[in-house]
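Report on the following structure.
Read the numbers this way: they start at 1 and go in the same order the structure lists the ligands and their atoms.
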Amino acid sequence: MLLTVKDLNVHYGVIHAIKDINLEVEEGQIVALIGANGAGKTSTLHAISSLLTSKTGEIVFDGQDISKMPAHKIVATHLVQVPEGRRIFAQLSVEDNLEMGAFLRNDNKIEEDMQHVYELFPRLSERRKQLAGTLSGGEQQMLAMARALMNKPKLLLLDEPSMGLSPILVNEIFDIIKTINKEEGVTVLLVEQNATKALSIADKAYVLETGKITVSGNAKEVANNPRVKEAYLG
Ligand code: ATP
């Protein structure tokens, strides 16, 4: 297993947002975490990447216990989160944003990797000098993913990559996620409200309801689960 989360709990004051969650992400897979607004999807990702420290439980990534590790050290283990809302550097160019993604690297392949990332994201290549804040929503999502790739992730945590995008762009973003996984060999933990799309590209899925995992398994099985169909797949 690349990532194992055991008995994770998150409290915000009196609110018990995550209740004894267990999940596993196998190397090479796309694992989807789906659920309604407020189910606890973002809290789960933030707990894994230590953006959130009010948590208990065990989180093991790539053989290392990262439960108590600070966020900046976790990034150095190549577990990289692309946060909800993208959080790109609006005042910097596309190119400078990508360079920031390679901030922790000290090898001599950065330039080469940047060219490779531009091949994966031709729209970004055409806009290298453009200020990131002036990109469209879809382009900003691409930039956030491209920037994460510059850190050579083993595991990419994607938080609602389709949020606010038109259906065509949603398809484009999901195609890129598949490419990143299948061709670049990056394992993905994908948080999505768009359950139909998420389940269509995932190998495995977990359904989160008010802080608890209620359904889990092979993505096809989860997609055929009558309760999931009724509640999330319309
Ligand atoms: P969405 O899809 O709307 O982003 P989500 O599934 O990602 O939702 P979370 O953002 O993880 O859900 O929120 C889970 C629960 O924890 C919600 O009830 C939310 O109100 C609560 N919560 C999240 N962050 C905080 C916070 N900083 N302080 C207090 N409560 C919080």
For ligand 1, which part of A17 has a heavy atom less than 4.0 Å away: the side chain, the backbone, both, or neither?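 Contact part for A17 vs ligand 1: side chain (C-beta onward).
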
Does E160 approach ligand 1 within less than 4.0 angstrom via side chain, backbone, both or neither, non-hydrogen atoms only? side chain

Give the atom numbers and elements of ligand 1 that come within less than 4.0 Å of a heavy atom of [X].
| X | answer |
| --- | --- |
| E84 | 4 (O) |
| T42 | 4 (O), 5 (P), 7 (O), 10 (O), 11 (O) |
| Q193 | 2 (O) |
| N37 | 1 (P), 2 (O), 3 (O), 8 (O) |
| S43 | 9 (P), 11 (O), 13 (O), 14 (C) |
| A36 | 6 (O) |

Atom NZ of K73: over 12 foreign heavy atoms under 6.0 Å: no

Checking side chain to side chain contact (heavy atoms under 4.5 Å, CB included) against L79, which of L2, L157, L156, D62 comes through? L157

Test side chain to side chain contact (heavy atoms under 4.5 Å, CB included) applied to M142 and L120, L124, V117, the passing residue: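 Running side chain to side chain contact (heavy atoms under 4.5 Å, CB included) over L120, L124, V117 with M142 returns exactly one hit, L124.
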
Give the residue and atom name of whichever protein heavy atom lies nearest to [atom], and the separation in Å to one decimal.
| atom | answer |
| --- | --- |
| atom 5 (P) of ligand 1 | K41 N, 3.4 Å |
| atom 17 (C) of ligand 1 | G38 O, 3.7 Å |
| atom 29 (C) of ligand 1 | Y12 CB, 3.3 Å |
| atom 12 (O) of ligand 1 | G40 N, 3.1 Å |

Name all pairs fulfilling the ring-ring contact (aromatic ring centres under 6.0 Å, His included) condition that reach into residues 11-33, sequence neighbours left out, sorted by first residue then second. H11-H16

Less than 4.0 Å is my threshold; does some heavy atom of G211 fall inside it relative to ligand 1?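 Distance cut 4.0 Å: G211 fails for ligand 1.
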
For the pair Q115 and E119, evaluate side chain to side chain donor-acceptor pair (under 3.5 Å) and give the outcome as yes or no after the intermediate values. CA-CA 6 Å; Q115 292 316 318; E119 282 164 29; over 6 Å; no

Any heavy-atom pair between the side chains of M69 and T77 that's under 4.5 Å?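 Side chain of T77 against side chain of M69, heavy atoms only: contact under 4.5 Å found.
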
Checking side chain to side chain contact (heavy atoms under 4.5 Å, CB included) for the pair Q193/K41: CA distance, chi angles, key distance, verdict? CA-CA 9 Å; Q193 273 194 56; K41 305 181 297 298; 4.0 Å; yes

With clusters defined by side-chain heavy atoms of hydrophobic residues (ILVMFWY) lying less than 4.5 Å apart, directly or transitively, does I213 cluster with L199? no

Would you say ligand 1 has an N or O under 3.5 Å from any N or O of I15? no

Sequence neighbours excluded, which residues qualify as side-chain contact (heavy atoms from CB on, under 4.5 Å) partners of K152?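 By the side-chain contact (heavy atoms from CB on, under 4.5 Å) rule, K152 matches H78, R105, D113.
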
Strictly inside 4.0 angstrom of atom 20 (O) of ligand 1, do you find any protein heavy atom?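 It does not: no protein heavy atom is found less than 4.0 Å away from atom 20 (O) of ligand 1.
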
